[in-house]
Novice: 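Dropping a structure here in structure tokens format, bear with me for questions.
This structure is a prediction, so every number in the text was calculated from the model and none was measured.
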Amino acid sequence: MAYGSTLAVLADPTRREVLERLRAGPRPVNAIAAGLPVSRPAVSQHLKVLKEAGLVEERSEGVRRIYSVRREGLLELRVWLDSFWIDALDAFKLEAEKSYKAKKGKR
């Protein structure tokens with residue numbers, strides 16, 4: 001149930017915003033923090049939590065750290081969310097088949 005820890009990490013709105021900012025591509029901390037209502041050190045702490053959860057990765061460019069989304073980190077969450085669609089589609093298919101059989105039987 002690793003998706004549970006991913007959900008817990010993403011429950012924080014600042015972390016979600018940080019992840020959203022990284023969607024467009026790798027960014028240094030200063031670019032991620034620009035315009036956020038929290039300090040740059042706070043953004044660094046959020047990035048640390050996201051990194052520990054496997055949602056972001058970092059690389060060094062000189063003295064700067066560049067962060068990017070680790071799409072594999074979202075895989076378990078996606079599989080769990082997709083299961084809801086699969087269940088809904090299976091239920092829809094059963095209803096459609098019942099309806100079709102009922103109409104066919106009235107002819």
Novice: Suppose we screen for side-chain hydrogen bond (donor to acceptor under 3.5 Å, both in side chains). Which residues come up paired with Glu58, at least two apart in sequence or across chains?
Specialist: Lys51, Arg65

Novice: Would you mind listing the cluster partners of Val63? Hydrophobic ones only (ILVMFWY), side-chain contacts under 4.5 Å, chaining allowed.
Specialist: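 When side chains under 4.5 Å apart are linked, Val63 ends up in no cluster with other residues.
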
Novice: Going by the ring-ring contact (aromatic ring centres under 6.0 Å, His included) test, which pairs reach into residues 51-83, not counting sequence neighbours?
Specialist: Tyr3-Trp80, Trp80-Phe84

Novice: Under the salt bridge (Lys or Arg N to Asp or Glu O under 4.0 Å) rule, what pairs show up with a residue in residues 3-16, not counting sequence neighbours?
Specialist: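 Passing the test, one end in residues 3-16: no pairs.
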
Novice: For Phe92, check ring pair (Phe, Tyr, Trp, His ring centres under 6.0 Å) against everything at least two apart and list the hits.
Specialist: none

Novice: Under the rule for side-chain hydrogen bond (donor to acceptor under 3.5 Å, both in side chains), what residues qualify as partners of Arg59, not counting sequence neighbours?
Specialist: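 Arg59 satisfies side-chain hydrogen bond (donor to acceptor under 3.5 Å, both in side chains) with Glu61 only.
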
Novice: Using the side-chain hydrogen bond (donor to acceptor under 3.5 Å, both in side chains) criterion, which residues pair with Glu97? Sequence neighbours excluded.
Specialist: none

Novice: If you group Ile, Leu, Val, Met, Phe, Trp and Tyr by side-chain heavy-atom gaps below 4.5 Å, do Val69 and Val79 land in one group?
Specialist: no

Novice: Sequence neighbours excluded, which residues qualify as side-chain contact (heavy atoms from CB on, under 4.5 Å) partners of Glu72?
Specialist: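 side-chain contact (heavy atoms from CB on, under 4.5 Å) list for Glu72, sorted by chain: Arg70.
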
Novice: Between side-chain atoms of residues 26-43 and protein atoms elsewhere (two or more places apart, or another chain), which donor-acceptor pairs fall under 3.5 Å?
Specialist:
residue, atom, partner, partner atom, Å
Asn30, OD1, Arg40, NE, 3.2
Ser39, OG, Ala42, N, 3.2
Arg40, NH1, Ser44, OG, 3.1

Novice: Who pairs with Glu57 by salt bridge (Lys or Arg N to Asp or Glu O under 4.0 Å), at least two apart in sequence or on another chain?
Specialist: none

Novice: With a 4.5 Å cut-off on side-chain heavy-atom distances among I, L, V, M, F, W and Y, is there a chain of contacts connecting Leu50 to Leu75?
Specialist: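 Cluster IDs for Leu50 and Leu75 differ.
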
Novice: To the nearest 0.5 Å, how far apart are CG in Leu74 and CG in Leu81?
Specialist: 10.0 Å

Novice: Taking only residues two or more places apart in sequence, or in another chain, which ones meet Gln45 in a side-chain contact (heavy atoms from CB on, under 4.5 Å)?
Specialist: Lys48

Novice: Once side-chain hydrogen bond (donor to acceptor under 3.5 Å, both in side chains) is applied, do any residues pair with Lys98, and if so which ones, sequence neighbours excluded?
Specialist: Glu95

Novice: Is Leu77 close to Asp82 at the side-chain level, that is, under 4.5 Å between some pair of heavy atoms?
Specialist: no

Novice: Testing the basics here: between Leu55 and Leu19, what is the closest heavy-atom pair and its distance to 0.1 Å?
Specialist: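 In terms of heavy atoms, the two residues are closest at O-CD1, 4.1 Å.
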
